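Taking it in order: structure first as structure tokens, then the write-up.
Note that the structure is predicted; figures quoted are calculated from it, not measured.
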Amino acid sequence: MQFYIMDTPLKSANNPSAQPAGFEQFLVDNGFLKPQVATQIRALQQQNGQDFGQLLILQKILDEEDLVKAKAAFFGLPYADLRQLQVPQSVLSLIPSESAGFYNFVPFELNGRSLKVAITDPSNLSALEALEFLGQKQNLQVQLYLASETSVEVVMGKRQNLKRVVGEALKVIQTKEAEALKPVEEKREQKPLVIEEAPVIKIVEVILTNAIEANASDIHIEPSEKDVRVRYRIDGILHTSLMLPKNVHSAIITRIKILSNLKIDESRLPQDGRFHMEVGKKSVDLRVSILPLIYGEKIVMRILDKSGSVPTLEQLGFRARALTWVNDNIKKTHGIFLITGPTGSGKSTTLYSILSILNTTSVNIVTLEDPVEYFIEGVNQSQINPDIGLTFAAGLRSILRQDPNIVMVGEIRDKETAELAVQAALTGHLVFSTLHTNNAIGAMPRLMDMGIEPFLLASSINVVAAQRLVRKICPDCRKEVELPKVLEDQIRKDISTVPEEYFNGFDKKTLKVFKGEGCDKCGHTGYRGRFGIFEVLPSTTDIQELILAHSSALKIYEVAQKLGMITMKQDGIIKALKGETTMDEIIRVTTE
């Protein structure tokens, strides 16, 4: 086979008569490099350890596309220029974006059962094996093409290599700093401020974009003495994504303050703000919190995906009798529905799911939140602002004058709010709220500590649900693992009191546990996504009598257990035995 680059016939690397010593020799043999230039590049390569091809591009000896054309001829592959190509989404979706991003290949044309795929590194055996597997899985014949990294990135849209883009921006900053240190007479004409800020704008943009595309819930930008650490919280776990030099910290802080409409000259006091971004089809709000530390200001940004649909109760993880109790109690016309758990346990998401079920034209739903995380059409949502006196208590008073059927208060934090919520429930309103306690039964003594009388609790509380979030096992790399005898004995003891209806789907006689091995789709973590484990305590007549008698939490639990209530740990164990999560996750979130 003959290959042509810049209209010049070449000796193919697959041609036995050519027998090149390597790619560098191949370039010399075909007139791309003079022997002395190749020698100089090799010497430069030994000095700084950079890739031979990258040095050719940096030294402007070859441009990227010509280099890839030569590499295509060397490997005996056809070359593809995708920079101006519009690839249909139906073709892109044939290969999971996680695999495409990890191995740096992308599909670009489908003819019948023949799929053309552009790859940037044909020597990557793992990438080739992954392509072969994906082709067999979808009954497709994969045709390999060689393309430049630029081509592949264009087709993949806004999916950017975080370290590469940030690295390029940092080089620009370093160059400008070196220029600033030169004597005045050697300095060139100063560029406009907007250009000077461009690298920092790019760094902030790529940090935000990559976090959103990775489905992170939070971004942490943390200064230390010598550098700045950027971490993403994905599925509840923080991962370090980037380390930046300390000299760009103040510029990044300033950029985010400008986006959030905060005071850029205030660095001694905490500040809170918010701004909006569009990334692809995602519409997100970012809630910004800035806290002064000894080495500078730390920023945490909570990512609130407005374009995502609200999950159903089943998708959240409610099962069996717990789901029945929730459905029964949200249909009531008055009373309090409480959800408890620590920060980040998914309480607000559960409330939004319930409000979505109840949201009809025949009811008036009013919420008071901090902040508004999801926007639900038809629900009257308001946000508190303590700086001007709009607290949960003050807002709740106003809400009750708005003729509501259903009221949602983001959190009960003090006695005043608790009293107003109870009064609202007793006067014919259905009230939903959250409380910070470790379990469902703990809500009762917590409210009593706030000063709410037991007889008011007994007559106003409908149900209390407690929850935690656990990571799901990645379904693409899930496998069964051996269950140690000690752990098996403990599991059997823990689930001995669980009602039979919760065991739908597996045999209690043979217990199995699973884990994720790690694959491209889950970022080699073994987990992908999260869901909840729950305990639901209904306020039955027996429970109400115990509340009136100031009974202990243990006594309330014993009665609730007879009603069929299971604990969060028991719910988690059942889900682990069904292969939905791991025992490690259950132990992590339920150990107190």
Within the structure provided, determine whether [X] and [Y] are in side-chain contact (heavy-atom separation under 4.5 Å).
{"X": "Leu400", "Y": "Gln423", "answer": "no"}
{"X": "Thr567", "Y": "Thr590", "answer": "no"}
{"X": "Tyr557", "Y": "Asn439", "answer": "no"}
{"X": "Val379", "Y": "Met408", "answer": "no"}
{"X": "Leu469", "Y": "Val589", "answer": "no"}
{"X": "Arg321", "Y": "Ile566", "answer": "no"}

Keeping the roles fixed (side chain from [X], backbone from [Y]), state whether a donor-acceptor pair exists under 3.5 Å.
{"X": "Lys512", "Y": "Gly579", "answer": "no"}
{"X": "Lys347", "Y": "Pro342", "answer": "yes"}
{"X": "Ser289", "Y": "Asp272", "answer": "no"}
{"X": "Thr437", "Y": "Thr340", "answer": "no"}
{"X": "Glu517", "Y": "Lys479", "answer": "no"}
{"X": "Arg468", "Y": "Met568", "answer": "no"}
{"X": "Gln467", "Y": "Gly346", "answer": "yes"}
{"X": "His276", "Y": "Val284", "answer": "yes"}

Take atom [atom1] of [X] as the centre, draw a 6.0 Å sphere, and report whether it contains more than 12 heavy atoms from other residues, nucleotides or ligands.
{"X": "Lys515", "atom1": "NZ", "answer": "no"}
{"X": "Glu482", "atom1": "CD", "answer": "no"}
{"X": "His334", "atom1": "NE2", "answer": "no"}
{"X": "Lys332", "atom1": "NZ", "answer": "yes"}

Between [Y] and [X], is the closest basic N to carboxylate O distance under 4.0 Å?
{"X": "Lys562", "Y": "Glu558", "answer": "no"}
{"X": "Asp571", "Y": "Arg319", "answer": "no"}
{"X": "Lys578", "Y": "Glu580", "answer": "no"}
{"X": "Glu585", "Y": "Arg588", "answer": "yes"}
{"X": "Lys493", "Y": "Asp489", "answer": "no"}

Requested in this report: Answer yes if the side chains of Asn364 and Asn380 hold a donor-acceptor pair under 3.5 Å, and no otherwise.
Outcome: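 There is such a pair between these side chains.
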Requested in this report: Just do the side chain to side chain donor-acceptor pair (under 3.5 Å) check on Asn359 and Ser356 with the steps written out, would you?
Outcome: CA-CA 5 Å; Asn359 185 22; Ser356 296; over 6 Å; no
Atom [atom1] in [X], atom [atom2] in [Y]: separation rounded to 0.5 Å?
{"X": "Thr591", "Y": "Ile586", "atom1": "OG1", "atom2": "CD1", "result": "10.0 Å"}
{"X": "Tyr527", "Y": "Thr581", "atom1": "OH", "atom2": "OG1", "result": "6.0 Å"}
{"X": "Ile221", "Y": "Ile290", "atom1": "CD1", "atom2": "CD1", "result": "9.5 Å"}

Query - Whether Phe337 and Phe432 hold their rings parallel, tilted or perpendicular, with breakpoints at 30° and 60° - result: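 Phe337 vs Phe432 ring planes: tilted.
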Identify every side-chain donor-acceptor pair in residues 446-457 under 3.5 Å, counting partners at least two apart or on other chains, and give the distances.
none

